[in-house]
Each structure stands twice: as C-alpha cells, then as structure tokens.
Amino acid sequence: MLLQAALDGLVFSGLYAMLGIAFYLTFGVMRRIDMSFGTVLMASVYLAAMAASSNGVPAATLLLALPLAVALGLMVSLVAFRLVGGDPRFSMASTLGIWMALEEIVIQSPGRGQGQPVPGIFEDSMLEFGSLFVRVDHGLVLSVALIVCCALSLLLRKTRLGLAIRATVHDAEIAALMGASPSAVVLAATVLAASVGCIAGYLFAASQQYMDVHFGMWATVKGLVILVAGRMQSVWSVVGAALLLGIAERVATELVGANWRELVGLLILMVLLGLMPRSLAVPATRST
Amino acid sequence: MSVLSSGAAMVAIYTMLALSFLIVMRMGEISFGQQAYFGIGAYVSAILTTMFQWSFAASAVASIFATVAVASALGAVALRMSGFEFSLYSLISAEFVREVLGRLTWQVEVAGRMVGPEGTMGFAAIASFNQAGLTEVIQALLVVSIAIATVIGVQRISASRHGRMLATVASDRELAQARGISTDRLRMQAYLLASSVAGLGGCMFAHYVTFIDPANFGLMTGVHALAYTLIGGVGSALGALAGTTLDVVFLESFRVVGSYRMVAFGALIVVALALMPRGIFAKRKPTHPNL
C-alpha cells in the first residue's frame, strides 16, 4: 500500500525537481525570487492548450506553450528584476503583482478559469511490477525530469555558458569581471528556467489531463520549498529534495487519508522549512 | 451615505491588515501570512459573540489573546529565519491556518437556530452589531475609530525608543546585537504586535460584514494588503491607510476597468514599486543623532 503510494508520488517528484531546478537557475544567477513563475507556466500551458484545441491541433500544445513561457519569463525578468530596482524583495513583491495580473488574464480568457483540458500522453498505460504498478505518464514526468537534470548538469560542467552560469551563481561581480557577460547569463538562465518549467507544467497537466488555474501559486510554493531544501548545493541536491518531498507527501496522504491531504502537505512543508533555516544565506550576495 | 460609510469601514478594516504587514516590514522582513491572524481574530471573536453571547469588546480582547498565542508558536519557528525563507514560511503557515479554519465545524443552538462555523461553507449570522441596535453609520464609525486609534498607536510606537531600536535591527542585525539590543526579543515583540493588529482587524471584519468564510483569509487577501503597504509607503502607517484607500475607493469605482481589476491592480503594484519603491509617504533619512 505504502509502496504504491510512494510510486504514485513520483510524478510529483518529477514536477518538483524541474520546478526546483528552474528556481535554482533564476535565484542562483539573479538572487531574486519570482513568485509568478508557477503562474507563468500555468498561463502558457493553459492558453496554448486552449488555442491548440480550438484550432484542432491539441497535440501542438507544448509547441505553443514553450515560446509563450519563454516570452513571459523574459517579460518578468525585464519588468520585475530590471525595472524594479533597489531591494531584491521589492522585485519579489512586484512579481506578486504579475501573478495577480496573469491569473486574472487566464480567468478572463475564453476558458473562464475552468480547468483547461490537456490531452493525455499514454494515459491509460501502466507498467506492472508484481502487485505494484506505475502509470506510464507518471514515469514519463520523472524520466524527463532526470534527463533534464543530466542535461543541465552537463551544460553547467562542460560548456562555457555553464561555466559562466556557475561563476555567476558563486559571485556575480567577479564573474562579470572575468568576462562572463551578465546579460547573457541572465538571458540563458531565464530561458532555461522557463523552458524547463514549461515542460514540467505541460507533462504534469497531461498526466492530470487538465490544467487548473490554481496550479500557478501551488507550483511556485512547491518549487521554492525545494529550492530551500536543496540548499543551493547543486542540481542533484534539488532532485534529491524533490524525490523525498514527492514521495513523503503521497505516503503521508496514504496514512492519514485524502481528506487531510492539504493539511498534512502543508505541515510537511512547514516542518521541512523549520528544520533547515539559513540555507539561502549564501555568502555571495553580489548579484547581477 | 451608505456607500461612504461602508467604504470607510472597509478601508478601516483592511488598513488594520495592511498595518500588520507594515509592522513586520519595519522588522526588516516581508510576511506573506498576516492574513492568517486576520482569520483567527475573525473566527474567534465571531464564535464568542454569536455562539456564546460575549460582548464585542470582550471577544476582541479574546481574539487578540488567541492570535498572540498562535503567533508565539509560529513565530518561534519563523523568527529563526530571515529574508526569503521567513516569507516563504509565513506563506505556508498562513495557508495551514486557513486550512484548519476551513475544517472548523461547530454549531450550537441559540434562540432556536443553529449558529456557528460550517467549515468551507463559512460562518453566517455574526449579528452582534445589529443585535446591539447599532445603525450602519455607528458601526462604520466604531470600526473607523478603532482603526484610527491603531494607526496612531503604531506611529507612536515607531517613533519611540523601541521603534528606533527595531529599525536598527531591521537594517543591520549584527550591529544591533553589538550595541546590546536583544534582537530576538524585539523581533518577537514586533511580530506579536503585528499579529494582534491583524487579529483585531479580523474581529472588526467579522462583525461588520456578518459573514466570513476561509476564502476571505487566503493568500490573495494577504498579498493585497501587502501591496497597499508597499504602494502607500513602508515609511509610515499613514502609508498603509493611503494604499488601502486607493484600492478600495479608486479601483472599486473604476467601472471602466471592470473585470480586469486585478490586472490593473497588479500593474499598479509593479509601477509603484518601479517608480517609488519607498512608497508615497517615504520616510526621510533618520535625523536622530543617537540612532
């Protein structure tokens, strides 16, 4: 029973891992928190699904969502991080305004804020291991998450851009002096984060077969908790934290019943945060 | 007259919540969770007056006690964090409180009818003000006076020695500690003050609008109040009032904007932060020589 619950939690682990990586990139490079990130992903997938299905090509959802997510991500980067100067917390507060505006736009769209259907991928297929089973689309989310982590890890370690990003995460001022163009690094981080997040949002929505308007803030909170829990050590610590949280949530739900799911989930997050303070107090506070 | 009095009352009520966020900001942190205390104040006082016939004043005191109790527990964990983690924790713990409030189902019979909170369906008939025979105008005046008194009180505290010490803690915690200021205690005191202001506001809210449900105390409400403070200015309690007035009066009467109100408000937040991060009532540089 519990083992099955743990397996069911893998789809969440995959989602959280990709969200965590996205936040790792943007926070690491810009030292700023984007509270509208989840909503950007939600809006991209939601609007893309709506446009794709009304034009008769629901399978093209991801193709439409990706550029939209990147565009919105760049907009947030420009408006909240460039335009709003001063204390990074003002930037964070301004992303709340963006969150409100985006959510309202989705609610005002022809979808009227109702769950937007998203075509499933292998939704009826299961892999069976004795008495346990894994849904193929859940496995897909996790596999893609792991592939993304590997790819990103390779990028960070083997390419010049990756070196520039890592250097900027460590100390933005020195990195800039050493020749890593801050604007290029910021652009790369933003585009990567938005793309990874969009893929995550799309795959998750496909596994649920709809995108809910409230996915936005929910995903943002989860991603941020993973960021904190991963302690900014590396991409893999983020993945580890995501795996643990995804599984822990489902197992806890199994133990206390679906009725208490939200309550238990929030309690887990509170305990997780409470147990590890000061993990974001990275000494390099000089940001781009 | 009715629109004016209800507008003024709502401004007064939400100013209390905005003040709560302001006090936390004076401490050097940004909370995303003061709406939880707003909710606790609302529910506790509503339960006491509606189900057990307490007076409004007594229930207000009790709700402050309740909020302080919860704030001590949550604050004990939250105040060990700072910066963004504090903000995230405050958000999550506020959602937790809201979930708990949403599960509260407790009804008693009063004068032949069942009254009390009914979980997510809310808590109706919080009629204490009406039962006391207070007219709409008197109710609004009561609520407005409490808010004005609180604004003045908060201003006074900010200008006092305590307030200035808190400002030092906010700008440089290590320096404050080096100067012998007990930062943990000050931060907790500020946090408890912030929560009790929110709790009192919640008490006013419940009795003025007579119907509450958990959705009134969600993240959106909190972010709105935070925005009022940011737009109005972190430097002054009057700023919280200004920001609240701006939203309640202008945006509500902005029929042109209509259903895109949140888009307009969201854009306003961004513009306000981009143009004047210190808000409308920006505090000038401190002139106290011995700060």
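Keep in mind that what you see is a predicted model, and the values were worked out from it rather than measured. Per chain, numbering begins at 1; letters A, B, ... match sequence-line order.
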Flag side-chain contact, heavy atom, 4.5 Å: Leu269(A) against Phe96(B): no

Within 6.0 Å of CH2 in Trp260(A), more than 12 heavy atoms from elsewhere: no

Minimum-distance pair of heavy atoms, taken over all atoms of Glu85(B) and Val228(A): OE2-CG1, 3.7 Å

Which portion of Val270(B) sits near chain A, non-hydrogen atoms under 4.5 angstrom: both

Residue pair Trp99(A), Leu219(B): steps toward the side chain to side chain contact (heavy atoms under 4.5 Å, CB included) verdict: CA-CA 12 Å; Trp99(A) 161 50; Leu219(B) 184 60; 3.8 Å; yes

Backbone N/O of Gly274(A) and side chain of Arg80(B): donor-acceptor pair under 3.5 Å: yes

Full working for side chain to side chain contact (heavy atoms under 4.5 Å, CB included) between Met100(A) and His224(B): CA-CA 9 Å; Met100(A) 281 184 195; His224(B) 265 85; 3.9 Å; yes

Heavy-atom pairs under 4.5 Å with chain B, option from Ala80(A), Gly265(A), Ala93(A) with the top count: Ala93(A)

Leu273(A) versus Met81(B), closest heavy-atom pair with distance: O-CE, 3.5 Å

Heavy-atom proximity to chain A below 4.5 Å, by part of Leu226(B): side chain

Gap separating the CZ atom of Arg98(B) from the CG atom of Leu266(A), nearest 0.5 angstrom: 9.0 Å

Any Met92(A) side-chain heavy atom under 4.5 Å of Phe32(B) side chain: yes

Over all atoms of both residues, closest heavy-atom pair of Leu273(B) and Ser94(A): CD1-N, 3.5 Å

Region of Phe86(B) in contact with chain A, defined by heavy-atom distances below 4.5 Å: neither

Close side-chain approach of Glu103(A) to Met220(B), heavy-atom, < 4.5 Å: yes

Choice from Leu88(B), Leu74(B), Ile269(B), Val77(B) maximising heavy atom contacts with chain A below 4.5 Å: Leu88(B)

Test item: Glu95(B) and Met270(A) side chains (from C-beta on) under 4.5 Å apart, heavy atoms: no

Residue part contacting chain B, namely of Leu102(A), when any heavy atom lies under 4.5 Å: neither

Structural part of Ile92(B) lying under 4.5 Å from a heavy atom of chain A: both

